[in-house]
Amino acid sequence: MASMTMVQALNSAMDVMLGRDSDVLVFGEDVGYFGGVFRATEGLQKKYGVTRCFDTPIGEAGIVAVAVGMGAYGLRPVVEIQFADYIYPAYDQIVSEAARLRYRSAGDFIAPLTIRAPYGGGIFGGQTHSQSPEALFTHVAGLVTVIPSNPFDAKGLLISAIESDDPVIFLEPKRLYNGPFDGHHERPVTSWAGHPASEVPLEHYTVPLGSAAVARPGAAVTVLTYGSMVHVALAAALDSGIDAEIIDLRTLVPLDIGTITTSVEKTGRCVIVHEATRTSGFGAELSALVQEHCFYHLEAPIERVAGWDTPYPHAFEWDYFPGPARVAAALRRAMEA
Amino acid sequence: MASMTMVQALNSAMDVMLGRDSDVLVFGEDVGYFGGVFRATEGLQKKYGVTRCFDTPIGEAGIVAVAVGMGAYGLRPVVEIQFADYIYPAYDQIVSEAARLRYRSAGDFIAPLTIRAPYGGGIFGGQTHSQSPEALFTHVAGLVTVIPSNPFDAKGLLISAIESDDPVIFLEPKRLYNGPFDGHHERPVTSWAGHPASEVPLEHYTVPLGSAAVARPGAAVTVLTYGSMVHVALAAALDSGIDAEIIDLRTLVPLDIGTITTSVEKTGRCVIVHEATRTSGFGAELSALVQEHCFYHLEAPIERVAGWDTPYPHAFEWDYFPGPARVAAALRRAMEA
Amino acid sequence: MADSPRLSLHIPEPTRRPGEPPDFSAVRPPLAGGLDRPAVDVEASAIRDLAYGLIRVLDDDGKAVGAWDPHLEPETLRSGLRIMMTTRALDDRMVRAQRQGKITFYAKSAGEEAIAAGQALALRPDDMGFPTYRQQGLLIARGYPVAAMAHQVYSDRSDPMQGRQLPCLYSSRAHGFFTISGNLGTQFSQAVGWAMASALKGDDRIAAAWIGDGATAEADFYEALTFASIYRAPVILNIVNNQWAISSFQGLAGGEETTFAARAIGHGLPALRVDGNDFLAVYAVTAWAVERARSNLGATVIEHFTYRAEGHSTSDDPSRYRPAEEAKGWPLGDPILRLKTHLIALGEWSEEQHTALAAELDALVREAQRGAEAAGPLAQADPTVKAQAMFGDVYAETPWHLREQAKAMGEG
Amino acid sequence: MADSPRLSLHIPEPTRRPGEPPDFSAVRPPLAGGLDRPAVDVEASAIRDLAYGLIRVLDDDGKAVGAWDPHLEPETLRSGLRIMMTTRALDDRMVRAQRQGKITFYAKSAGEEAIAAGQALALRPDDMGFPTYRQQGLLIARGYPVAAMAHQVYSDRSDPMQGRQLPCLYSSRAHGFFTISGNLGTQFSQAVGWAMASALKGDDRIAAAWIGDGATAEADFYEALTFASIYRAPVILNIVNNQWAISSFQGLAGGEETTFAARAIGHGLPALRVDGNDFLAVYAVTAWAVERARSNLGATVIEHFTYRAEGHSTSDDPSRYRPAEEAKGWPLGDPILRLKTHLIALGEWSEEQHTALAAELDALVREAQRGAEAAGPLAQADPTVKAQAMFGDVYAETPWHLREQAKAMGEG
Ligand SMILES: Cc1ncc(C[n+]2csc(CCOP(=O)(O)OP(=O)(O)O)c2C)c(N)n1
Ligand SMILES: Cc1ncc(C[n+]2csc(CCOP(=O)(O)OP(=O)(O)O)c2C)c(N)n1
Ligand SMILES: [Mg+2]
Ligand SMILES: [Mg+2]
């Protein structure tokens with residue numbers, strides 16, 4: 001056990017897997033010698049050599065394509081897209097190729113790759129360093145989409161992703177890399193140190209894909225969320241005094257529907273929170289599913305708190321970021337309905 | 001007035017606009033001399049010359065990129081992506097560029113382009129000639145997404161799209177190009193001739209963006225749908241004898257929320273139908289919105305009928321295509337709940 | 001400034017359209033045997049000229065001439081002929097099946113058979129191919145059963161792809177044949193990844209990829225060149241310039257400005273440009289590139305100069321956009337005929353043998369077709385088979401939502 | 001077969017890392033004036049060698065020599081110097097502001113100022129530029145107020161971009177400066193579209209685009225070359241090879257294998273490779289390409305060989321990945337110093353004038369900064385202003401769902 005930040009935990013996951021499995025390799029823009037612009041791959045090239053962890057040209061389409069080819073050969077590539085906002089040039093290779101390889105070849109070829117990308121706001125990154133594109137992947141059959149919210153899960157989920165024979169989109173809430181930011185930007189920055197989930201085993205362990213966690217048990221209302229917003233939701237529950245049950249989905253597809261329905265059947269109320277733009281966000285799917293599975297238990301309309309349907313504007317970080325005040329207001333509305 | 005198929009109506013829209021506005025131009029793979037693999041641009045090059053309607057290299061990213069540049073110059077490009085399944089190489093240019101140009105430049109530059117693409121199944125096109133990717137665009141702020149269901153609307157909406165200063169994703173249900181296919185594949189093929197919506201003015205007219213149509217008024221249950229599925233829903237209503245109110249959305253974003261809520265408040269029941277894969281499809285957004293706007297009017301869970309969460313498999317056209325039997329079953333469930 | 005000319009845009013157009021006689025005046029094939037064969041470890045910068053030449057071995061009399069003559073055994077030549085003729089026989093039969101409404105779609109490789117055949121024989125059987133829908137010959141060369149191909153094309157109960165793919169989009173890992181995508185170009189950069197993996201693992205297998213002239217405009221083509229050159233990946237990057245991309249002539253992919261082989265130059269890669277209808281030349285350039293790649297000297301780009309002798313696919317009607325007689329006028333001839341002539345000139349083949357082989361292969365493909373028809377459409381299989389075909393292999397393990405959907409499908 | 005060697009993968013690495021002395025032994029700048037200047041209507045195929053040369057005008061003594069000397073008026077030279085010095089002054093001041101926590105981010109163009117300045121002066125003011133974040137000099141050259149740049153960088157109440165863009169991602173249609181994207185490369189192919197539009201309309205304006213060495217690996221770079229060559233678009237395609245892409249040296253973009261200019265060859269486009277720190281050479285090659293484009297002879301690719309003298313941006317620390325002294329060792333010197341030396345050698349400038357100009361520009365950028373600080377953060381503007389900045393311009397007309405969201409934001 002060691003106390004780790006999320007970025008250290010991710011680094012540790014790759015370290016463990018590079019050490020255990022000679023078919024694992026890590027590459028992307030600036031990930032080799034430099035160790036990545038967020039330092040997630042720091043030290044890996046030095047430890048495992050330039051052929052196990054290396055830099056690539058700035059061509060996201062090429063990065064994912066060669067990962068698909070390597071996967072077809074039998075390797076387990078772990079690639080970094082420097083910011084999730086820059087994943088679109090690779091979109092065809094992800095959607096038309098990685099996601100469909102196993103299906104279209106009837107299992108003849110698989111694409112066991114992991115695509116890591118820092119996502120989300122909170123760092124004044126403007127339109128192209130703040131996006132949350134998860135819903136653009138959850139719509140694509142064949143892809144697994146994972147978003148951790150703390151160091152322990154980050155390492156365990158990343159190991160599961162690397163070991164998975166499916167292509168995994170692994171989105172990392174960059175605002176949580178160095179601390180459990182809860183949206184209270186007016187308060188001093190907090191670090192992971194001392195947070196229970198920062199106690200991370202040094203060795204190999206997994207957190208299973210497809211399984212949610214209850215981040216806070218509660219009886220009044222169910223909150224479905226993931227990534228940075230888990231901490232925002234926790235703050236909102238505290239701020240509002242509402243006894244919310246906060247579910248950290250961890251994997252969006254395949255979704256842990258059991259944990260969700262059990263909670264909503266208990267509380268009869270549901271608030272969904274994500275940073276991504278609202279329209280056609282993953283919250284829409286969650287809302288539809290909850291409605292379908294728990295219609296007769298619902299005592300109030302399902303609420304969605306999400307990013308506005310605009311690009312993420314540089315100046316208005318805290319007007320855009322769905323902070324604890326907005327979530328608390330939704331909790332109150334759900335309780336009052 | 002003339003009787004037109006949908007493909008003729010689309011051709012007529014481009015013809016009218018090329019004739020009226022010298023800033024309009026049409027290009028894409030095989031659209032020039034050949035007139036497009038579905039003949040949508042037939043005769044346009046001959047009539048307007050090679051600089052107004054021309055062939056491009058097979059590079060969807062390049063096609064959209066040059067259209068963005070032309071739009072910034074002041075032209076109104078209408079580009080064809082040969083199949084919607086091949087739009088992904090252009091995804092970055094659409095999402096990061098066309099959709100954001102106006103916003104990020106504070107109105108200094110705009111991207112008034114129209115991206116036409118045949119979409120959907122029903123033609124044994126297999127995985128890569130059958131997809132319905134609309135939800136991958138409805139999630140993107142700045143894009144307008146339009147799907148017509150008949151010749152009259154197709155022409156009027158396409159003219160509106162070309163005249164719009166926003167980038168429009170214009171998805172054409174290819175199975176409807178030559179007839180109002182209702183999913184009864186076991187019956188003889190029907191043509192547009194004689195269908196009321198095949199009476200199309202030769203001249204300029206518009207169908208406004210952002211406005212839905214009631215394809216069939218009814219009192220029992222609201223069906224929200226678009227494209228090919230409008231005709232399938234009509235058949236399902238007929239087959240089941242259920243007095244469904246069928247709403248043809250026509251524009252997905254911006255959505256005509258008023259028409260939807262008026263109907264659901266009246267019927268208290270709602271079935272959503274689309275061909276796209278279910279998870280995170282546009283049906284999820286519709287379901288969430290209906291639930292949010294009409295919670296206290298709902299007497300039954302909102303149903304979604306959609307494509308399965310798999311690639312579109314060649315052999316199983318009619319098992320995949322959400323046909324009238326599946327829609328009728330959902331109508332029945334909605335009525336019985 | 002005021003006197004700047006008004007700009008105008010150049011829109012490439014072929015010189016001839018339907019109703020006009022074909023025009024191949026721009027194609028001036030050089031004499032066979034005219035080009036030197038550099039050592040395989042030559043610097044790419046020393047052989048840039050080869051990107052603008054055309055390597056040919058078979059002369060007009062069917063004799064093999066010049067430095068690029070691979071000096072193949074007659075047995076190998078006959079194998080090549082057999083592969084090409086099998087390909088053509090299967091193509092012909094399947095197109096007929098499509099015309100009869102028995103299958104939904106088919107794409108031939110008529111006129112281009114020397115490419116897959118010649119390259120398959122120059123590659124090692126365990127080298128991995130990343131083909132397009134016009135390299136069915138590669139599968140045939142590697143012994144994949146023609147019967148299985150027919151099952152795939154028919155989406156029948158014995159289809160190895162379980163009905164999931166459009167006809168002709170084969171896959172066989174065991175035969176080093178990567179699953180063909182409906183999306184053009186994607187396999188080109190994937191092949192580089194496979195080759196990089198092979199090199200990373202200290203393996204000795206190399207990769208080969210194919211792309212059409214039209215599809216070179218896709219980004220994947222460029223990414224392939226970039227990654228292949230930077231990491232010196234052991235891969236052969238083949239451009240099959242068959243002059244057409246559906247209705248678009250190769251000028252719309254850049255063929256008016258320079259050769260496709262020249263694309264390699266900007267990445268410092270060696271480029272060879274070859275008469276794609278000359279089995280011996282195709283074999284020879286491939287063998288050169290194979291040796292180079294296998295010696296850890298990196299990637300080679302090969303442009304195969306050929307002609308798509310028929311429609312793009314069964315969905316296409318080339319008479320709408322090119323002169324009807326164009327195929328017949330193609331100056332580089334028919335690859336099967338040219339190899340046949342060569343073998344006969346060598347005294348290693350005869351008209352009788354040729355006729356007998358054609359009959360044998362016709363019987364073979366008829367038998368394959370009968371097998372497919374006997375198997376019956378997978379779409380009519382029983383529900384559990386269909387559910388597995390539809391919902392299996394989306395993920396390694398089928399998750400709850402797909403199991404629910406499979407159940408819902410079963411309930412109708 | 002059994003004796004095939006084991007393959008291995010080549011991973012490009014720079015020759016020197018932190019703690020080691022810089023090594024520019026691979027950069028052997030040729031003497032200034034050594035290359036011929038072809039006629040602008042030359043065939044691209046006749047000047048392929050220029051892709052491997054390096055056009056230089058200023059010699060080591062600051063004299064302009066050779067066929068590429070553009071023979072500029074001293075007035076133009078002084079304008080160029082002023083643009084470069086303004087750029088540097090603004091950059092320095094803004095980086096200081098970032099270090100003080102006043103702004104979130106900044107990207108300098110230190111060492112590369114000759115490119116934007118020289119090209120701006122060779123282009124016509126109404127030609128459209130599609131810049132990256134290192135062409136702020138283009139905006140300055142075209143008279144865009146430095147004060148407005150500061151407003152943008154500060155996202156303040158007078159920011160013309162309404163706080164929507166990261167610092168340095170300017171836009172000004174009026175100054176022929178296309179809105180900069182955070183996504184690398186996208187503007188390169190858009191520029192070709194703009195140029196195609198200009199040609200389609202019979203206009204006489206041309207386009208110019210810039211891209212970094214690293215970003216040439218993006219697909220947009222390739223699409224730009226493809227479309228530009230096929231349609232012969234009037235566009236200048238500039239590659240700014242400043243040796244680094246954040247921490248990645250140019251070998252990771254292909255610079256080990258050949259030059260970036262050579263990429264043009266595969267598309268039949270003319271390529272010029274120029275000393276990017278030589279204002280006169282940059283001006284001269286640009287003027288050549290401008291004349292060619294404006295005469296309807298199509299696109300030119302220019303590689304500017306230069307060096308990123310400082311960190312990638314304020315988020316970067318180059319001492320982590322390259323020798324600390326590398327910038328000082330760059331063999332092509334500093335562009336401002338070289339032009340200053342030239343002007344002084346001509347007797348058209350003096351140390352005194354230089355010092356005075358530096359002081360004047362320092363005052364100018366301080367004034368701009370004061371203006372930005374006085375305007376105050378847009379994030380603290382009143383709710384209606386914020387709602388407009390946040391929700392305006394997503395669409396031409398704001399639809400209901402955005403109006404609702406704007407209302408919800410107002411309600412907190
Ligand atoms: C990404 C993508 N865009 C468009 C298509 C449609 N399409 C299928 S084949 C083809 C022409 C390909 O021409 P070429 O690459 O020359 O190959 P050939 O058919 O001549 O072998 C086109 C445009 C596609 N399959 N994928
Ligand atoms: C599509 C995309 N991928 C990655 C990035 C992240 N990124 C920003 S700048 C940069 C390096 C660019 O280097 P180069 O093109 O050489 O330009 P320079 O900064 O040297 O001017 C990278 C990788 C990005 N902005 N966009
Ligand atoms: Mg072709
Ligand atoms: Mg650079």
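Taking 4.5 Å as the limit, every side-chain heavy atom of Y86(B) sits out of range of all side-chain heavy atoms of S96(A). Between Y91(A) and V95(B), the closest side-chain pair of non-hydrogen atoms is not below 4.5 Å. A 4.5 Å side-chain heavy-atom check between F137(A) and S280(B) finds every atom pair outside the cut-off.
Chosen from R104(B), Q127(B), R304(B), the residue pairing most often with chain A at heavy-atom distances under 4.5 Å is R304(B). Contact tally against chain B (heavy-atom pairs below 4.5 Å) for G126(A), A300(A), P313(A): the top residue is A300(A). Taking G283(A), P301(A), A61(A), A141(A) one by one and counting their heavy-atom pairs under 4.5 Å with chain B, the maximum is reached by P301(A). Counting heavy-atom pairs under 4.5 Å between each of E60(A), R278(A), E303(A) and chain B puts R278(A) at the top. The candidate with the highest count of non-hydrogen atom pairs below 4.5 Å against chain B, out of T128(A), V253(A), T138(A), D309(A), is T138(A). Of all the listed residues (A288(B), C294(B), P311(B)), the one sharing the greatest number of non-hydrogen pairs under 4.5 Å with chain A is P311(B).
Contacts of L289(B) with chain A are made by both backbone and side-chain atoms, with heavy-atom separations under 4.5 Å. Contacts of V290(B) with chain A are absent, with no heavy-atom separation under 4.5 Å from either backbone or side chain. For I94(B), no part lies under 4.5 angstrom from a heavy atom of chain A. Both the backbone and the side chain of A337(B) come within contact range of chain A, each with at least one heavy atom under 4.5 Å from a heavy atom of that chain. Looking at Q93(B), there are no atoms closer than 4.5 Å to chain A (heavy atoms on both sides), in backbone or side chain. In this structure, the portions of Y88(A) lying under 4.5 Å from any heavy atom of chain B include both its backbone and its side chain. Looking at Q131(A), the atoms closer than 4.5 Å to chain B (heavy atoms on both sides) all sit in the side chain, from C-beta outward. Both the backbone and the side chain of L298(A) come within contact range of chain B, judged by heavy atoms closer than 4.5 Å.
Considering CZ of F295(A) and CZ of F295(B), their distance stands at 7.0 Å, rounded to 0.5 Å.
In this structure, the side chain of T277(B) engages the main chain of H139(A) through a donor-acceptor pair within 3.5 Å. The backbone N or O of S287(B) lies less than 3.5 Å from no partner atom in the side chain of Q291(A), so there is not a single donor-acceptor pair.
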